[in-house]
Amino acid sequence: MLIQLITSGIALGSIYALIALALVLIFKGAQLLNLAQGELVTIAAYFSLAILTQVQIPYLLVILPALVLAGIFALLVERIVIRPLIGSEEWPILLATWGVSITIRGMIGLIWGHEPRPLPSPFTSSHLRLGPYALSAQEVVIILTSLLMLTFFYLFFTRTKSGLAMQVVADNATGASLCGISVSRINALTWMTSGMVAAVAGITISPIFFLHVDMGFELLLSAFSAAVLGGFGSIIGAIVGGYLLGIIQTVSGGYMPAAIKSSVPFVILILVLIFRPTGIFGKAIVEKK
Amino acid sequence: MLKIHELSVYYGHIQALFKVNIEVAEKSIVVLLGANGAGKSTVLRTISGLLKPRNGQIQFRDQAIHRLSPHQIVRMGIAQAPEGRELFPNLTVRDNLLAGQYTQRNPVAKKESWERVMDWFPVLGERMNQQAGTLSGGEQQMLSISRALLSSPILLLLDEPSLGLSPILVSQIFKAIVRMNKEKGLTILLAEQNVVRALSITHRGYVLELGKVTLEGDSRTLKENKSILRSYLGTA
């Protein structure tokens with residue numbers, strides 16, 4: 001029982017880790033909190049649903065085209081909504097991302113309806129036997145895909161020129177422009193990457209949770225708690241916080257009534273904010289007055 | 001090589017530069033002198049595209065550059081070690097230097113410029129894996145200059161390279177400036193408050209006072225001029 005719970009926890013944690021990572025990428029790179037991050041998860045799930053109902057391809061193959069579409073979609077959001085606002089204060093930008101969130105949810109409702117829809121995956125009904133344990137195959141798919149993605153992005157960040165440019169812009173945009181780096185181009189790349197990271201979460205979780213317009217928003221709330229737990233603004237913190245929160249939520253959920261299970265992330269959020277506001281890996285920011 | 005013509009720059013409603021004219025000849029070292037707030041940094045920031053002029057032009061090798069973005073100006077061959085250094089404090093010294101090479105494609109040239117920088121500022125080699133924010137002031141200054149050099153500029157802008165450094169480090173940095181110019185034919189425009197030292201290594205100088213050029217000429221001639229000291233100390 002406990003082993004299965006922990007596996008499910010790691011699977012859910014992978015999803016949180018990906019979304020928290022996507023959130024932190026934009027937070028660091030473009031200095032803004034993207035409240036539409038959850039909708040980038042949702043839209044990717046619906047993209048894969050649309051692709052799967054149009055063409056007969058295996059579930060795992062849908063990840064690639066859905067990722068590309070999600071990346072382009074995130075890029076468009078940056079170009080159309082965020083870029084014209086660059087240079088204005090934090091609040092208008094924050095509200096604009098909230099507007100994007102509401103708009104996308106409305107659009108999805110118009111196109112695909114408000115009823116929950118299943119995303120067919122051959123892995124939902126099968127199990128992997130590991131000695132006495134039966135693990136859900138879809139959960140194993142989630143864990144492996146997420147690990148693959150995290151490794152890929154780690155290598156991208158640390159080994160490529162564009163990855164370095166993204167880190168540099170996040171650390172000091174003026175300094176980056178003095179190195180010949182186009183900050184607006186890197187910002188666009190950051191949005192695209194963040195959209196794709198979120199998309200992996202949406203595509204892999206949908207076969208377990210049904211697709212619905214609010215799925216991304218609900219996941220965002222938990223992922224936000226995960227990022228705070230890890231230390232908001234820290235990339236490694238987002239990932240560790242994501243896995244921790246997923247495991248804590250699932251394991252404790254196994255021993256408590258289902259009705260209060262979903263409150264666990266918020267209880268953790270409140271506890272972290274009271275006792276360790278910098279999170280696990282975060283640094284205190286001293287604001288000059 | 002660089003011609004600044006009737007340049008006027010504003011911060012909001014406040015005018016910081018008044019019809020400034022400056023010329024920098026190829027392979028020369030030119031110094032901008034003046035007290036704090038005289039407009040030295042404003043000139044350098046405008047050349048790099050971090051500020052946009054309201055009036056006037058900046059021409060680099062007969063091309064107007066005053067409407068280009070900072071990253072385009074770096075690609076044309078103008079690099080700057082700016083005021084405040086603008087390093088990447090949370091990244092390692094190595095990553096800071098690699099960022100300086102961002103525009104460079106030729107692997108042979110990249111290796112060469114890397115080795116040259118290590119030769120000029122050997123202390124950076126010992127600090128490669130340290131976070132830039134943890135370096136001493138002098139090391140940060142060397143890192144900032146090195147990062148600028150790694151984009152293989154034709155024109156190097158240095159904003160008060162000796163600011164806040166110990167006398168030994170100041171000599172080291174001034175020596176490096178002379179070597180860059182002699183060994184690589186690099187053209188250098190620097191802002192300095194260290195008047196006597198700056199005039200002894202440069203070819204030409206401009207004195208700025210409250211956003212206007214009040215004096216210009218050969219560094220040797222300027223060195224004899226008594227009013228330099230007055231403008232350096234401010235008019236008060």
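Treat the numbers as computed from the prediction; the structure is a model and nothing was measured. Numbered from 1 within each chain, the chains take letters A, B, ... in sequence-line order.
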*Would you indicate whether B/Asn106, at its atom CG, is surrounded by more than 12 heavy atoms from other residues, nucleotides or ligands within a distance under 6.0 Å?*
yes
*Measuring from A/Ser184:OG to B/His71:NE2, what's the distance to the nearest 0.5 Å?*
6.5 Å
*Any chance OH of A/Tyr154 has more than 12 other-residue heavy atoms, nucleotides or ligands included, within less than 6.0 Å?*
no
_Under 3.5 Å: donor-acceptor pair, side chain of B/Arg75, backbone of A/Gly180_ = yes
*asked:* Does B/Gln59 have more than 12 heavy atoms from other residues, nucleotides or ligands lying within 6.0 Å of its CD?
replied: yes
*So which of B/Arg85, B/Gln72, B/Glu86, B/Arg147 has the largest heavy-atom pair count under 4.5 angstrom toward chain A?*
B/Glu86
_For B/Lys3, I'd like to know if atom NZ has over 12 heavy atoms of other residues, nucleotides or ligands within 6.0 Å._
no
*Taking all heavy atoms of A/Ser177 and all of B/Val74, pick out the closest pair and write down the distance.*
O-CG2, 3.7 Å
*How about A/Leu155: does its CG atom have over 12 heavy atoms from other parts shown lying under 6.0 Å from it?*
yes
*Just wondering, do B/Asp95 and A/Val168 contact through their side chains at under 4.5 Å, heavy atoms?*
no
_Under 4.5 Å from any heavy atom of chain A - which part of B/Ala79_ = neither
*A/Phe266 atom CZ: more than 12 heavy-atom contacts under 6.0 Å*: yes
*Does NZ in B/Lys175 sit with more than 12 non-hydrogen atoms of other residues, nucleotides or ligands closer than 6.0 Å?*
no
*asked:* For chain A, which candidate among B/Ser151, B/Gly100, B/Pro89 shows the most heavy-atom pairs at distances under 4.5 Å?
replied: B/Pro89
*Has B/Arg179 got more than 12 heavy atoms of other residues, nucleotides or ligands less than 6.0 Å from its CZ?*
yes
*asked:* Rounded to the nearest 0.5 Å, what separates atom NZ in A/Lys28 from atom CG in B/Asn90?
replied: 6.5 Å
*asked:* Please check this pair: side chain of A/Asn172 against backbone of B/Leu87, looking for a donor-acceptor N/O pair closer than 3.5 Å.
replied: yes
*Can you tell me how far CZ of B/Arg105 sits from NZ of A/Lys161, rounded to the nearest 0.5 angstrom?*
4.5 Å
*Given the options A/Thr174, A/Ile181, A/Leu164, which has more heavy-atom pairs under 4.5 Å with chain B than any of the others?*
A/Ile181
*Calculate, to the nearest 0.5 Å, the distance between atoms CG and CD belonging to A/Asp171 and B/Gln131 respectively.*
8.5 Å
*Taking all atoms of both residues into account, what is the closest heavy-atom pair of A/Cys179 and B/Tyr102, and its distance?*
O-CB, 3.8 Å
